[in-house]
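The next block holds one structure in the form of structure tokens; read it before the comments.
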There are 2 protein chains.
Amino acid sequence: MPRVSDAKQKLMVAARDLIWESSYGATSVDDICVKADVRKGSFYHFFKSKSDLEIAALEADWQEKKAHYNDIFSPTVPPLQRLSDYFDLLLAKQTERQKACGAILGCPFCAVGTEVSLLDAGIREKVHDILGRLAKYFESAIRDAHAQGVINAPDARAKANLLIAYFQGTMAQARIENNLERIAGMKAGAFELLGVQPAQLAGV
Amino acid sequence: MPRVSDAKQKLMVAARDLIWESSYGATSVDDICVKADVRKGSFYHFFKSKSDLEIAALEADWQEKKAHYNDIFSPTVPPLQRLSDYFDLLLAKQTERQKACGAILGCPFCAVGTEVSLLDAGIREKVHDILGRLAKYFESAIRDAHAQGVINAPDARAKANLLIAYFQGTMAQARIENNLERIAGMKAGAFELLGVQPAQLAGV
DNA sequence: GATCCAGTTGACCAATCAGTCAACTCAGCT
DNA sequence: AGCTGAGTTGACTGATTGGTCAACTGGATC
């Protein structure tokens, strides 16, 4: 197999960043190529369309995050600690991005999903799929927390849906308002939503 | 003042519908003009840019909704009844739209806000402003409910933020998943989030 | 060193984009 | 009747869009 190329990866990273920092519709294939330092012909050698690239880029983005999430949501960690660690990581990442590009970007999956779900079924399904995977982490943490008696959530799935919706809504608000405080306050909001007693939070 | 024209209104309605049913970026000025049956020159007679039209269309959309909301959230209505009525109206409107265009569209303000908040400061501020006005309805209903002892929410503002975030997140999910059930289940989720005792819901 | 082929290149295309403009229409006013 | 000016019209522009293509490159295999 002659020639090793990192053009495909560079295109996916460039697409993720540009689309996150503006939008899918406002990001052109040319923009992505320039940022990735890859010529247009190479773009269409690796991806059959802009939509095709975005689907691959979303999956690659998730795969990268998944590794961290598997650590944070490890069953060896107390369930409320998992959620606390997750919100800490999220705040750190958003703060980092804010420093780099001057704005709060929110959730890259939800943002593009909301934008193109009525235009591109492939992207819609990919985003739906990825958000479903994220929900699984929340669900098992909630189920474990209920089993340990630190929260009352007989229906873990329903409670996870509540939490995920609150989470996504807050991320959307943070983006629209360009307001990091929304994200900073999310941990407290999540624990309030879960009905966590302050006593349970000692050391978390 | 010679000639009465409804072109401006027709353009705003067409823009709201087209952008809601696809996206801001994917909706062209030509599309809007065709749907409104107005020529391009007239468009730029009334609005100085596409962004300018969208800002006006968002405000017009809110003004139309505001009248209904003032009825639903009237202080003469019991506070939990207000919320219940609001979620009923929301479900009815989304169901109606689904029949008309075959998809769940979610919140028109949040969708466009998420899409363009990093590209267009004018639209971002308008969306931010409108979502803030909506939050006021929730806040006062929650404050009244707390005062009457039917829920426990000493900080009505914080609880309203929680509810609004859940609401917006659910609407985004409904759009991404094209799933009416998310909206149908939102009333129950909202009351669970508020910690409403089932006994308080008799007749609601 | 000939062959192979994944990867690269940049010119190219038709379609579409937001926005412009000068000419035109027509109801109300004097 | 003639003027005024808000509203209308459709052709037009230059830039940009997503996508195509034939020619080319260069490391690996035989």
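Every chain is numbered from 1, with letters handed out A, B, ... down the list of sequences. Computed from a predicted structure; not experimentally measured.
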*OP1 or OP2 of C:dT8 under 4.0 Å from side-chain N/O of A:Ser5*: yes

*Quick one: CD on B:Gln173 to CG on B:Asn179, what's the gap to the nearest 0.5 Å?*
9.0 Å

*Could you tell me the separation between the CD1 atom of A:Ile32 and the P atom of D:dT17, rounded to a whole number of Å?*
11 Å

*Take atom OH of B:Tyr44 and atom C1' of C:dA18, then tell me their distance rounded to the nearest Å.*
4 Å

*For atom CZ of A:Phe43 and atom P of C:dA6, their distance in whole Å*: 20 Å

*In whole angstrom, give the distance that lies between atom NZ of B:Lys8 and atom P of D:dA6.*
13 Å

*Among the candidates C:dG7, D:dT9, D:dG7, find the nucleotide nearest to the side-chain atoms of B:His45.*
D:dG7

_Rounding to an integer number of Å, can you tell me how far B:Phe47 CZ sits from C:dA18 P?_
15 Å

*Provide, to the nearest angstrom, the distance between the NZ atom belonging to A:Lys50 and the P atom belonging to D:dT20.*
15 Å

_Nearest-nucleotide comparison on DNA chain D, the residue closer to the 5′ end among A:Thr27 and B:Asp6_ = B:Asp6

*Describe the nucleic acid contact of A:Ser51 in one word from base, sugar-phosphate, nothing, applying a heavy-atom distance below 4.0 Å.*
nothing

_Among B:Asp129, B:Ile130, B:Leu131, which residue satisfies the side-chain contact (heavy atoms from CB on, under 4.5 Å) criterion with B:Val127?_
B:Leu131

_Set of side-chain contact (heavy atoms from CB on, under 4.5 Å) partners for A:Asp144, sequence neighbours left out_ = A:Pro79, A:Arg82

_Using every non-hydrogen atom in the two residues, find where B:Ser51 and B:Asp120 come nearest and quote the distance to one decimal._
OG-OD2, 2.6 Å

_side-chain contact (heavy atoms from CB on, under 4.5 Å) involving B:Pro78 - partner list, sequence neighbours excluded_ = B:Gln81

*Counting just side-chain N and O atoms, does A:Ser28 come under 4.0 Å of either OP1 or OP2 of D:dT16?*
no

*asked:* In whole Å, I'd like the distance from the CG atom of B:Leu11 to the P atom of D:dT8.
replied: 9 Å

*For A:Ser42, which contact category applies under a 4.0 Å heavy-atom criterion: base, sugar-phosphate, or nothing?*
base

*Spacing of B:Lys40 atom NZ relative to C:dC17 atom P, expressed in whole Å*: 8 Å

